[in-house]
Chemist: 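Sharing a structure with you now.
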Amino acid sequence: MRHSLVPPAGPQRVLALAQLSNSVGDGAYYVTSALYFTHVVGLAPAHVGLGLTVGWAVGSVVGVPLGRLADRRGARGTAVLLALATGLAVASFLVVRDFVPFVLAACAYASAQSGLAAARQALLAGLVSAGERTGLLAHLQATLNAGLAVGAGLGGLALHAGTRVAYLGVFAVDAVSFLVCALLLLRLPAVAPRVPSGKRSGAGVLRDRPYAVITVLNTVLLLRMPLLSLGIPLWIAERTAAPAWVVSALFVLNTGAVMAFQVRMARGVSGLASATRAVRRSGWIMLAACAVFALSAGASPWVAVGALVVGAVLQVVAEMGQSAGSWQLSFDLAPADRAGEYQGFFGTGVTVARTLGPLVLTTLLVEWGTPGWLLLGAVTLGASYAMGPATRRAAGRVTTDVRQPELVN
C-alpha cells in the first residue's frame with residue numbers, strides 16, 4: 001500500500017514536493033511571526049493584527065483576478081511567478097520597521113499567497129484527471145500537515161534561542177522555501193491557457209450565484225478552522241480544569257490524524273453525490289464533537305482531558321470528511337476552462353473563515369459556554385445539509401457563459 005504522503009510518480013509527486021517545500025517555511029513562519037513583529041520589529045500587537053487583517057482582506061479580493069490570469073496566461077508560468085513573488089514578500093518583512101511598510105508587505109504577501117493557491121489549483125486541474133483530483137488534494141493536505149509540523153519544529157528552535165538572528169533566519173528559510181517551490185513547479189509540464197487571451201470570460205464567477213452559494217456554505221463550515229489554535233485553548237483555560245499541555249497534545253493529534261488518514265477518507269469521494277454525502281456526514285460528526293467538547297466544562301481534570309480528546313478525534317474526522325467533499329464540489333461545479341478563477345473565489349472562504357472565525361469562536365465558546373458549542377454544531381449541521389440542494393441547483397444550471405458540470409458517479 002502506498003504511503004499517504006507519497007502520491008504517484010510524475011506531476012502529482014512534483015506538486016506534493018512543491019507543497020512540502022513551502023509548507024515547511026510557512027510552519028516556521030506561523031509560530032514565530034507574531035513575536036518577530038512585536039519583539040524584533042517593535043510593532044504594537046494591535047497594529048500587527050490590523051495589518052494582517054488588512055493584508056488577508058486584500059488577498060481574498062486579489063485571488064480571483066490572479067486565478068483568472070492563470071486561466072488566460074497559463075497556470076504553470078503564473079504559479080512560478082507567484083511563488084517567487086511570495087518569497088520576495090516574505091523577504092521584505094526582514095527590512096520592515098514601521099506600520100505602513102508592514103501593511104504593504106502584508107498585502108503583497110497575502111495577495112501572492114492567494115494567487116498562488118488559485119494558480120496551483122488551475123495547474124492541478126490541467127495536469128490531473130477529474131477522477132484523481134480529490135485523491136491528490138488529500139495527498140497534498142497530508143503533505144501540508146507534515147511540512148507545517150517540521151517547520152513548526154524549526155520555528156520552535158528559533159523561539160528557544162530568542163535572538164534577532166534566529167528570527168531573521170526563520171524568515172529567510174520561508175523565503176527560500178518559495179524559491180524551491182518555484183523551481184519544482186518549473187519541472188511540471190506546461191499547461192495551455194484555458195481561456196484564450198482574446199476571449200472574454202463572461203460575467204465572471206461573481207455572477208455565478210449557484211457557485212457563490214456553495215462557496216458561502218463552505219465558508220460557514222470552515223469557521224471551525226481557528227478551533228485548535230484559538231477556540232479550544234481559550235475554552236481549556238477559561239472553562240475547564242484540564243492542564244495547559246492538552247492544547248499541544250490536541251494539535252499533535254489533529255496533525256497526525258490528517259497525515260495518516262486524509263487520503264483514506266477521500267477515497268470514497270468520487271462525484272457530486274458522494275461529495276454531498278461526505279459533507280452531510282461531517283456535519284453530524286461535528287455536532288457530536290461540539291457536544292462532547294461541551295462536556296469538558298466543570299468536570300474533573302482527567303474527565304475533562306478525556307472529553308477533549310474524544311471531541312478532538314470526532315472533530316478531525318469531521319474536518320477530513322468536509323475537506324474531501326468540498327474539494328470535489330469546488331472542481332466539479334466549476335467550468336473546465338476557468339478553474340483558476342473559480343478556485344481563487346472558492347479559496348476566499350478560507351480567508352473569510354480565518355478573519356471571522358476568531359470573533360465567532362470566542363463569542364460562542366468563551367462567552368456563551370455550552371450553549372455556544374451546541375449552536376456551533378447546529379449551524380455546521382445546517383450548512384452541511386444545505387449543501388445538497390445547493391449542489392443540485394449548481395449542477396443543473398444552464399447559462400450562456402457557464403458550462404454545466406459533468407456528473408461523476
Chemist: Would you confirm whether Arg239, through its side chain, and Val366, through its main-chain N or O, come within 3.5 Å as a donor-acceptor pair?
Modeler: yes
Chemist: Please find the pair of heavy atoms, one from Asn218 and one from Ser326, that lie closest to each other, and give the distance.
Modeler: OD1-CB, 3.2 Å
Chemist: In the structure I gave you, are the side-chain heavy atoms of Met387 and Ile214 within less than 4.5 Å of one another anywhere?
Modeler: yes
Chemist: Indicate yes or no: at least one non-hydrogen side-chain atom of Phe293 is less than 4.5 angstrom from one of Leu308.
Modeler: yes
Chemist: Would Asn254 and Glu319 count as having a side-chain donor-acceptor pair, cut-off 3.5 Å?
Modeler: yes
Chemist: When rounded to the nearest 0.5 angstrom, what is the spacing between CG in Leu43 and OH in Tyr36?
Modeler: 9.5 Å
Chemist: Could you tell me whether the side chain of Glu341 and the main chain of Asp71 form a donor-acceptor pair under 3.5 Å?
Modeler: no
Chemist: Of the non-hydrogen atoms in Gln113 and Asp26, which two are nearest, and what is the gap between them?
Modeler: NE2-OD2, 3.4 Å
Chemist: Is there a donor-acceptor contact under 3.5 Å from the side chain of Gln343 to the main chain of Ala117?
Modeler: no
Chemist: Parallel, tilted or perpendicular: which describes the rings of Trp56 and Tyr109, with under 30° parallel and over 60° perpendicular?
Modeler: perpendicular
Chemist: Side chain to side chain contact (heavy atoms under 4.5 Å, CB included) for Thr380 and Arg224? Distances and angles first, verdict last.
Modeler: CA-CA 9 Å; Thr380 301; Arg224 46 86 182 158; 6.0 Å; no
Chemist: Would you mind reporting whether Thr134 and Ser270 have side-chain heavy atoms less than 4.5 Å apart?
Modeler: no
Chemist: I need the Thr240 OG1 to Leu295 CG distance, nearest 0.5 Å.
Modeler: 12.5 Å
Chemist: Can you measure from OG1 (Thr391) to CZ (Arg280) and round to the nearest 0.5 angstrom?
Modeler: 10.0 Å
Chemist: Please report the closest heavy-atom contact between Cys181 and Ala18, naming both atoms and the distance.
Modeler: SG-O, 3.8 Å
Chemist: Would you check if the side chain of Ser323 reaches a backbone N or O of Met320 as a donor-acceptor pair within less than 3.5 Å?
Modeler: no
Chemist: Any donor-acceptor pair under 3.5 Å linking the side chain of Arg76 with the backbone of Leu185?
Modeler: no
Chemist: Counting N and O atoms only, with roles assigned by atom type, does the side chain of Tyr29 sit under 3.5 Å from a partner on the main chain of Val173, one being a donor and the other an acceptor?
Modeler: no
Chemist: Could you check if a side-chain atom of Trp368 sits within less than 4.5 angstrom of a side-chain atom of Thr363, using non-hydrogen atoms only?
Modeler: yes
Chemist: For a 4.5 angstrom cut-off between non-hydrogen side-chain atoms, does Ile232 reach Gln315?
Modeler: no
Chemist: Measuring from Leu157:CG to Thr32:OG1, what's the distance to the nearest 0.5 Å?
Modeler: 11.5 Å
Chemist: Can you see which heavy atom on Leu127 is nearest to which on Pro11, and at what distance?
Modeler: CD1-CB, 4.2 Å
Chemist: Please report the shortest heavy-atom distance between Ala383 and Val220, naming the atom on each side.
Modeler: CB-CG1, 3.8 Å
Chemist: Side chain to side chain contact (heavy atoms under 4.5 Å, CB included) between Tyr342 and Thr215: does it pass, once the steps are laid out?
Modeler: CA-CA 10 Å; Tyr342 271 63; Thr215 301; over 6 Å; no
Chemist: Is there a donor-acceptor pair closer than 3.5 Å between any side-chain N or O of Asn145 and the backbone N or O of Gln141?
Modeler: yes
Chemist: Give a yes or no answer on whether the side chain of Thr78 reaches the backbone of Ala75 with a donor-acceptor pair at less than 3.5 Å.
Modeler: no
Chemist: Of the non-hydrogen atoms in Val213 and Ala390, which two are nearest, and what is the gap between them?
Modeler: CG1-CB, 3.9 Å
Chemist: Are Val48 and Val41 packed together at the side-chain level, in the sense that at least one heavy-atom pair is separated by less than 4.5 angstrom?
Modeler: no
Chemist: Please assess Glu132 against Gln12 for the test side chain to side chain contact (heavy atoms under 4.5 Å, CB included), listing each intermediate value before the final yes or no.
Modeler: CA-CA 10 Å; Glu132 297 178 311; Gln12 295 193 36; 3.6 Å; yes
Chemist: Is there side-chain contact between Val170 and Tyr167, with heavy atoms separated by less than 4.5 Å?
Modeler: no
Chemist: For residues Leu272 and Leu333, determine if any side-chain heavy atom of one lies less than 4.5 Å from a side-chain heavy atom of the other.
Modeler: yes
Chemist: Please determine whether the number of non-hydrogen atoms from other residues, nucleotides or ligands lying under 6.0 Å from atom CZ of Phe99 exceeds 12.
Modeler: yes
Chemist: Would Leu137 and Phe331 count as a side chain to side chain contact (heavy atoms under 4.5 Å, CB included) here? Give the steps.
Modeler: CA-CA 11 Å; Leu137 285 166; Phe331 277 105; 3.5 Å; yes
Chemist: Do side-chain atoms of Ser114 reach the backbone of Gly63 as a donor and acceptor pair under 3.5 angstrom?
Modeler: no
Chemist: Distance check, rounded to the nearest 0.5 Å: Leu234 atom CG versus Leu227 atom CG?
Modeler: 10.5 Å
Chemist: Which value, rounded to the nearest 0.5 Å, describes the distance between Leu52 atom CG and Phe37 atom CZ?
Modeler: 6.5 Å
Chemist: Would you find a donor on one side and an acceptor on the other, under 3.5 Å apart, between the side chain of Ser23 and the backbone of Leu20?
Modeler: yes
